[in-house]
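Lettering of chains follows the sequences in order, A, B, ..., and the numbering in each one begins at 1. All values below come from the heavy atoms of this structure, side chains included, with hydrogens, waters and symmetry mates left out. Values in this document were obtained by computation on a predicted structure and should not be read as measured data.
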Number of protein chains: 2
Amino acid sequence: MGKVFQALSSDIRRKILAYLSASSMTAGEIAERFDISKPSLSKHLGILENAGLVSSEKKGQFVHYSLVEDNLLNTLNSFIHEVCPCGKIYVEESREKARAQTPGREVSQTEKPQRD
Amino acid sequence: MGKVFQALSSDIRRKILAYLSASSMTAGEIAERFDISKPSLSKHLGILENAGLVSSEKKGQFVHYSLVEDNLLNTLNSFIHEVCPCGKIYVEESREKARAQTPGREVSQTEKPQRD
DNA sequence: TTAGCAATTAGCCATTTAGCTAAATATGGT
DNA sequence: ACCATATTTAGCTAAATGGCTAATTGCTAA
């Protein structure tokens with residue numbers, strides 16, 4: 001778990017994860033998007049992959065990278081349970097109540113994403 | 001948000017957060033628990049406080065530290081929505097289905113905590 | 001007011017991190 | 001075989017991190 005948080009501690013690495021959220025990309029495509037040299041980016045991708053947040057597949061001379069969503073979600077979730085094992089349910093219940101009482105007004109970040 | 005992840009990237013700082021999850025403590029009490037000098041620990045507490053993950057209150061010659069649960073939950077949640085905005089609902093639905101089909105068997109980390 | 005304890009700040013050193021350029025390692029096309 | 005392209009590895013430097021001890025600040029109590 002330390003490796004995951006270490007990986008997430010860098011601004012550019014979090015941006016890379018967000019950039020990969022919609023689709024897989026080659027190392028080159030990612031490097032174009034961010035103002036950084038290819039070797040530097042390669043190292044970041046290596047760190048993300050080593051943390052299990054990203055997976056790579058070589059296709060010919062290209063390497064395609066994609067997000068491993070499950071690892072991210074599971075790690076953050078298990079961390080939350082480690083650190084705030086008791087308080088979480090009250091926060092959740094509070095938000096549910098707020099949602100129920102003033103529907104459409106509670107638009108916090110923690111609200112469930114809409115169904116398509 | 002960068003500050004929060006930076007703070008979370010350290011092993012000992014995550015341990016401190018976990019240690020504070022049950023109750024507030026003075027800097028000295030925390031320092032006793034971890035094999036580290038008081039000045040070093042003080043710096044860690046400063047980083048956690050600066051990130052908004054911990055709050056401090058001076059009482060006489062002691063400084064009491066306590067966890068700020070909300071900031072942690074909100075930051076992680078908003079990050080998740082940033083990085084996996086679309087896939088999350090499918091993961092959730094999948095888990096709900098699994099839970100419905102084999103009640104009592106699905107005990108993953110992402111399951112809701114029990115009501116007292 | 002002076003002694004003593006809690007906590008933080010200052011100053012120092014070793015290690016790690018993040019960036020770069022140049023070189024090496026594929027792979028594909030001619 | 002040979003050259004061009006994609007990516008990673010090597011090797012370097014500057015800056016950040018994390019630890020320590022010693023010194024400082026603030027408070028309590030004798």
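- For residues 19-54 of chain B, the pairs satisfying ring-ring contact (aromatic ring centres under 6.0 Å, His included) are Tyr19(B)-Phe34(B), with sequence neighbours left out.
- Looking at residues two or more places apart in sequence or on another chain, you find a side-chain contact (heavy atoms from CB on, under 4.5 Å) between Lys58(B) and Val63(B).
- Arg14(A) is linked by a salt bridge (Lys or Arg N to Asp or Glu O under 4.0 Å) to Asp11(A), counting only residues two or more places apart in sequence or in another chain.
- In this view, Thr26(A) and Glu29(A), Phe62(A), His64(A) satisfy the side-chain contact (heavy atoms from CB on, under 4.5 Å) rule, not counting sequence neighbours.
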Protein-nucleotides 19-24 of chain D N/O pairs closer than 3.5 Å?
from, atom 1, to, atom 2, distance (Å)
dG19(D), OP2, His44(B), NE2, 2.3
dG19(D), O6, Lys43(B), NZ, 3.4
dC20(D), OP1, Ser37(B), N, 3.4
dC20(D), OP2, Ser37(B), N, 3.0
dC20(D), OP2, Ser37(B), OG, 2.6
dC20(D), OP2, Ser40(B), OG, 2.7

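- For Ser56(B), the side chain to side chain donor-acceptor pair (under 3.5 Å) criterion is met by Glu49(B), not counting sequence neighbours.
- For Glu32(B), there are no side chain to side chain donor-acceptor pair (under 3.5 Å) partners at least two apart in sequence or on another chain.
- Residue contacts for Glu29(B): at a heavy-atom cut-off of 4.0 Å it reaches no nucleic acid atom on any strand shown.
- Evaluation of the ring pair (Phe, Tyr, Trp, His ring centres under 6.0 Å) rule for Tyr65(B) yields no partner, not counting sequence neighbours.
- In terms of hydrophobic clustering, with Ile, Leu, Val, Met, Phe, Trp and Tyr side chains grouped at heavy-atom distances under 4.5 Å, Leu48(B) and Val68(B) are assigned to different clusters.
- Within residues 45-66 of chain A, the residues approached by DNA chain C to less than 4.0 Å at the level of any non-hydrogen atom are Lys58(A), Gly60(A), Gln61(A), in residue-number order.
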